[in-house]
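Some notes on the structure that comes next.
In listed order, ligands and their atoms are each counted from 1. Bear in mind the structure is a predicted one, so any value in this text is a computation, not a measurement.
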Amino acid sequence: MIVCVCNALNEATVRRAAQNARGKTSILKIYESLDAKPQCGKCLCHARDICNEEYTELHA
Ligand code: FES
């Protein structure tokens, strides 16, 4: 499932980046780690939810 149309980022990619960051970063840093930059911003809530899920998973 595509999360960010502007950067062609799918959910698995964002999830993996969040796992690699171990939840200790911002969504902007997650995008940066993927050589991406928010453009329209429509994806940010969904991407943030994914990162929060991964953070919760890591700290459960
Ligand atoms: S959909 Fe992600 S910046 Fe536009």
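- Side-chain contact check for Leu34 versus Asn7: every heavy-atom pair is 4.5 Å or farther apart.
- Residues meeting the side-chain contact (heavy atoms from CB on, under 4.5 Å) test with Cys45, sequence neighbours left out: none.
- Taking all atoms of both residues into account, the shortest heavy-atom contact from Ile30 to Ala18 is CD1-CA, 3.6 Å.
- Residue Glu57 places its CD atom among 12 or fewer non-hydrogen atoms of other residues, nucleotides or ligands, all under 6.0 Å distant.
- In plain terms, the two heavy atoms of Cys43 and Val3 that are nearest each other are CB-O, 3.2 Å.
- Contact record, Arg48 with Ile27: NH2-CG2, 3.6 Å, taken as the closest heavy-atom pair.
- For atom 2 (Fe) of ligand 1, the set of protein N/O/S atoms nearer than 2.8 Å consists of Cys4 SG, Cys43 SG, ordered by chain and number.
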